[in-house]
Protein chains: 2
Amino acid sequence: MDNNTDFIEKLRSSGLRPTKQRIRICKLLFDRKKTFHFTINDLSKTLKKENIKQISLATIYNTVHSFKKKGYLKEISINREMSYFDTNTSDHHHFLDINTNQLIDLKKEDVEKVRIKKNLPGKKINSIEVLVKIENSN
Amino acid sequence: MDNNTDFIEKLRSSGLRPTKQRIRICKLLFDRKKTFHFTINDLSKTLKKENIKQISLATIYNTVHSFKKKGYLKEISINREMSYFDTNTSDHHHFLDINTNQLIDLKKEDVEKVRIKKNLPGKKINSIEVLVKIENSN
DNA sequence: TTATAATTTATAATGATTCTAAAGTAGTGT
DNA sequence: ACACTACTTTAGAATCATTATAAATTATAA
Ligand SMILES: [Mn+2]
Ligand SMILES: [Mn+2]
Ligand SMILES: [Zn+2]
Ligand SMILES: [Zn+2]
C-alpha cells in the first residue's frame, strides 16, 4: 500500500512535480493491490465522483500520457472507440470480452509462447501483442 | 481479373445496388492479383486522383462498411489514429512496421498456432489476433 | 415511362483528443 | 517569510475522423 511520499517520489523520479491533482491520480491508479485497466473516461468519472474540486480533462490526459511515456502505464488500443490504459506494465496479453467490453489479463503461463517464423531483412521484432476476443458461450 | 459483371454480381449478392460509385470502389479494391491493406484516407485519395467526378466521403464510408459487414473486407484497428481495411478476409495475423506504418500479412504457416490455456466459464473464444510490431534492426 | 425506394451528396453534427493562453502553484534562492 | 521563475492547471476553443441529415439523383420494376 503506497502512501503520499511514495507517489511524490514516483512523480519526482519521472520528472513531474507532485501537484495535488497528480497525487490524486496516482492514488486512484497505483494505490491498489491489483493492477487494472481503465479508460480516460472511467478515470475522469471516478475523479468527478470524489466530490472535491474536479480535475480538468487536459490534466488527466497530460498526466496519463506522462505516465505512459515514463513506463508506469501501458496503452491497449482496441479500436477507434476503445482505448484502455493498463497499470500492469509487464509483458502480457489480453482477453477482450466482446459482450461487456471488459479487458482481462492473460498471464504469461496462459498463452503458449508465440513463435513467428517469418523474418524480414533489416527488421527486428519490437513486440508481439495477442488479443483474444471472447464472447458468451451459452 | 474481374470485370464489371462480376462486381455487379458481387454487389447484388450482398444486397447492394450496383451504382457507378460502388463499382468504381469495387474495381479499386477487388480488381487486383494480390490482396492489400488500405485506409479510408488512402481510398479516398486514390478515388480523387482518378480525375472523373469524385465520390463523396459518406459513400466511401458507407460502401466500405457494407463490404465489411458482408465479409468482403476485414478491419484491422491499430489504434485511434490508424485503422486499416484488408481485402484478405482469411484468418491471418500481421506485422506492423512501426517505422513506416505498413501492415504486412503473416501467412498461416508464419505463426505457430497460438494456444490459450486459460478458459473462462460461460465464455468461448471468438477470435485470436496477433500483431507483431517490427522496426528497423540496423 | 412512371412510381418507388435506394443512393448519393454536400453539409452539419458529434465526440474524443489536443491546443491555447491566462491564472495559479511549486521550487529555489534570498 | 518573500519574491521570482518555471511549471502546471484550467476553461474553453480548435481539430479531425467519423456519422448523421435531408434534399437531389438514380436504379429498378411495374
Ligand atoms: Mn493516446
Ligand atoms: Mn469503422
Ligand atoms: Zn493488462
Ligand atoms: Zn492482412
Side-chain angles (χ1 to χ4, degrees), chain A residues 4-5 7-28 37-48 50-70 73 75-85 101, chain B residues 4-5 7-28 37-48 50-70 73 75-85 101:
Chain A
N4 271 18
T5 317
F7 298 140
I8 292 175
E9 190 40 43
K10 187 161 200 166
L11 288 164
R12 280 253 164 67
S13 72
S14 48
L16 298 173
R17 282 188 181 175
T19 63
K20 59 181 185 311
Q21 291 87 343
R22 286 172 177 165
I23 289 173
R24 279 179 60 203
I25 293 175
C26 274
K27 280 204 172 92
L28 271 177
H37 305 110
F38 65 94
T39 65
I40 293 283
N41 189 48
D42 294 338
L43 182 53
S44 157
K45 277 196 291 195
T46 307
L47 286 165
K48 274 202 189 92
E50 286 189 343
N51 50 40
I52 343 176
K53 196 157 118 306
Q54 82 145 336
I55 300 182
S56 81
L57 245 196
T59 296
I60 298 174
Y61 273 101
N62 290 338
T63 305
V64 165
H65 282 132
S66 294
F67 283 149
K68 178 185 171 188
K69 189 191 290 182
K70 290 299 173 180
L73 293 175
E75 186 168 7
I76 317 293
S77 268
I78 305 297
N79 57 36
R80 204 159 315 259
E81 292 77 43
M82 270 188 286
S83 190
Y84 294 93
F85 288 89
N101 279 342
Chain B
N4 271 17
T5 317
F7 297 141
I8 291 174
E9 190 40 41
K10 186 161 200 165
L11 288 164
R12 280 254 162 65
S13 73
S14 48
L16 296 173
R17 282 189 180 174
T19 62
K20 59 181 185 310
Q21 292 88 343
R22 286 172 176 163
I23 289 172
R24 280 179 59 203
I25 293 174
C26 274
K27 280 205 172 90
L28 272 177
H37 304 110
F38 66 93
T39 65
I40 293 281
N41 188 49
D42 294 337
L43 182 53
S44 158
K45 276 195 292 196
T46 307
L47 286 165
K48 274 203 190 91
E50 285 189 343
N51 50 39
I52 343 176
K53 197 157 117 306
Q54 82 146 334
I55 300 181
S56 80
L57 244 196
T59 296
I60 298 174
Y61 273 101
N62 291 337
T63 305
V64 166
H65 282 132
S66 294
F67 284 148
K68 178 185 170 187
K69 189 191 291 182
K70 291 298 173 183
L73 293 175
E75 186 169 7
I76 317 292
S77 268
I78 305 296
N79 56 36
R80 201 156 323 253
E81 293 77 43
M82 270 188 285
S83 190
Y84 293 94
F85 288 89
N101 279 341

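All chains are named by letter (A, B, ...) in the order of the sequence lines, taking the proteins before the strands, and each is independently numbered beginning at 1.
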Touch class at under 4.0 angstrom, heavy-atom based, for Thr59(B) against every strand present: base
Please tell me which of the listed nucleotides, [options], lies nearest to the side chain of [X]?
{"X": "Ser56(A)", "options": "dT10(D), dC7(D), dA27(D)", "value": "dT10(D)"}
{"X": "Pro18(B)", "options": "dT7(C), dA27(D), dT8(D)", "value": "dA27(D)"}
{"X": "Arg80(B)", "options": "dT17(C), dA17(D), dT7(C)", "value": "dT17(C)"}

Contact summary for Arg22(B) and Arg17(B), nearest pair of heavy atoms: NH1-O, 2.8 Å
Over all atoms of both residues, closest heavy-atom pair of Leu11(B) and Pro18(B): CD1-CA, 3.7 Å
Using atom [atom1] of [X] as one end and atom [atom2] of [N] as the other, report the distance to the nearest whole Å.
{"X": "Ile60(B)", "N": "dT7(C)", "atom1": "CD1", "atom2": "C1'", "answer": "15 Å"}
{"X": "Gln21(A)", "N": "dC7(D)", "atom1": "CD", "atom2": "C1'", "answer": "12 Å"}
{"X": "Lys53(A)", "N": "dT25(C)", "atom1": "NZ", "atom2": "P", "answer": "8 Å"}
{"X": "Leu57(B)", "N": "dT18(D)", "atom1": "CG", "atom2": "P", "answer": "9 Å"}
{"X": "His65(B)", "N": "dA20(D)", "atom1": "NE2", "atom2": "C1'", "answer": "14 Å"}
{"X": "Glu81(B)", "N": "dA17(D)", "atom1": "CD", "atom2": "P", "answer": "10 Å"}
{"X": "Leu11(A)", "N": "dT9(D)", "atom1": "CG", "atom2": "C1'", "answer": "15 Å"}
{"X": "Ile8(B)", "N": "dA6(C)", "atom1": "CD1", "atom2": "C1'", "answer": "16 Å"}

Counterpart base for dA29(D), defined by Watson-Crick or G-U wobble contacts under 3.5 Å: dT2(C)
Donor-acceptor pair between Ser44(A) and Asn41(A) side chains, under 3.5 angstrom: no
Phosphate-side-chain proximity, Arg17(B) and dT8(C), N/O vs OP1/OP2 below 4.0 Å: no
OP1 or OP2 of dA16(C) under 4.0 Å from side-chain N/O of Ser83(A): no
Nearest-nucleotide comparison on DNA chain D, the residue closer to the 5′ end among Arg12(B) and Ala58(B): Ala58(B)
Closest-nucleotide ordering on DNA chain D, the 5'-leading residue of Ile55(A) and Tyr61(B): Ile55(A)
Single hit among Thr63(A), Leu57(A), Thr59(A) for side-chain contact (heavy atoms from CB on, under 4.5 Å) with Tyr61(A): Leu57(A)
Side-chain heavy atoms of Glu75(B) within contact of Asn79(A), under 4.5 Å: no
